[in-house]
J.: 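Starting off with a structure, shown below.
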Amino acid sequence: MTATPDKALRGRGSNTLKGASLAAGAMMTLSGSFSILMGVSGIAQDSLFATSSHYTYWFDLTTWGVIHLVVGVLLVITGLAVLADKSWGRGAGAAVVAASLITQFMFVPHYPAWAIPMMALDLLILFALTRFHIETGVGR
């Protein structure tokens, strides 16, 4: 009789993890799409960005556009892998999201109204990808 509650408990735990992975994958594809749009805008040399020559991580706008485009494509690919429940998806996704977080941090002086919300989204994705559900046995 005690085997049935344990199975039910394990089933609930895996659904919770599946839900977090589903949310992370969806947010990764959204963040990746936004980064791709930002990259295309930077490559097109849009006058949207401010440039400062006194910044430590200074790159020209075309370089920033390429960086955002590459990170965006990687985010979309790993986001789709997480949604498809690939074994490598969560680990690769966490690495790509961490790289996205770092590039957004470095991009803050150019466009803080964009970079700061994207950093918050990346942190939320990173939390969803790296959290683990710890199961406890009932009656033990």
Side-chain angles (χ1 to χ4, degrees):
M1 292 275 183
T2 60
T4 306
D6 283 342
K7 277 187 177 179
L9 182 63
R10 269 189 242 126
R12 273 187 267 139
S14 64
N15 286 342
T16 303
L17 188 61
K18 186 83 168 167
S21 294
L22 179 67
M27 288 187 292
M28 285 173 67
T29 56
L30 178 69
S31 177
S33 300
F34 286 158
S35 290
I36 289 170
L37 292 175
M38 180 61 79
V40 169
S41 179
I43 290 171
Q45 299 202 7
D46 196 358
S47 61
L48 180 67
F49 308 119
T51 57
S52 171
S53 61
H54 296 72
Y55 184 51
T56 305
Y57 308 111
W58 186 84
F59 298 117
D60 67 341
L61 294 180
T62 304
T63 305
W64 275 117
V66 170
I67 290 170
H68 282 294
L69 185 64
V70 168
V71 169
V73 168
L74 291 174
L75 278 169
V76 169
I77 290 170
T78 54
L80 292 174
V82 169
L83 289 174
D85 202 20
K86 299 291 182 187
S87 61
W88 55 271
R90 290 182 66 207
V96 172
V97 169
S100 175
L101 181 63
I102 291 167
T103 57
Q104 294 297 338
F105 175 76
M106 291 169 53
F107 194 66
V108 167
H110 294 286
Y111 197 9
W114 173 269
I116 293 172
M118 292 304 289
M119 285 170 49
L121 182 62
D122 286 342
L123 284 171
L124 187 62
I125 295 168
L126 202 56
F127 172 75
L129 285 176
T130 58
R131 73 181 200 85
F132 293 100
H133 180 74
I134 300 171
E135 296 182 20
T136 58
V138 176
R140 290 186 190 184

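As the structure is a computational prediction, the values presented were derived from the model and not from experiment.
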J.: Do F127 and V96 sit in one hydrophobic cluster, given that two such residues count as connected whenever their side-chain heavy atoms are within less than 4.5 Å of each other, even indirectly?
T.: no

J.: Restricting to non-hydrogen atoms, name the atom on L129 and the atom on A24 that form the minimum distance, rounded to 0.1 Å.
T.: CD2-CB, 3.6 Å

J.: Nearest 0.5 Å please: distance from the CG atom of L126 over to the CZ atom of R131.
T.: 13.0 Å

J.: Nearest 0.5 Å, please: how far is OH in Y111 from CE in M38?
T.: 6.0 Å

J.: Between atom CG of L123 and atom CD of Q104, what is the distance when rounded to the nearest 0.5 Å?
T.: 11.0 Å

J.: By the salt bridge (charged side-chain N to carboxylate O under 4.0 Å, His left out) test, which pairs, at least two apart or in different chains, include something from residues 101-111?
T.: none

J.: Taking only residues two or more places apart in sequence, or in another chain, which ones meet S33 in a side chain to side chain donor-acceptor pair (under 3.5 Å)?
T.: none

J.: Which donor-acceptor pairs under 3.5 Å do the side chains of residues 112-122 make with protein atoms, sequence neighbours left out?
T.:
{"residue": "D122", "atom": "OD1", "partner": "S31", "partner atom": "OG", "Å": "3.4"}
{"residue": "D122", "atom": "OD2", "partner": "S100", "partner atom": "OG", "Å": "2.8"}
{"residue": "D122", "atom": "OD2", "partner": "L101", "partner atom": "N", "Å": "3.4"}

J.: Write out all pairs satisfying salt bridge (charged side-chain N to carboxylate O under 4.0 Å, His left out) with one or both partners inside residues 65-86, taking only residues at least two apart or from two chains.
T.: K18-D85

J.: Considering only distance and modelled atom types, tabulate donor-acceptor pairs under 3.5 Å from the side chains of residues 66-82, sequence neighbours left out.
T.:
{"residue": "T78", "atom": "OG1", "partner": "L74", "partner atom": "O", "Å": "2.8"}
{"residue": "T78", "atom": "OG1", "partner": "L75", "partner atom": "O", "Å": "3.3"}

J.: Measuring from L30:CG to M28:CE, what's the distance to the nearest 0.5 Å?
T.: 11.5 Å

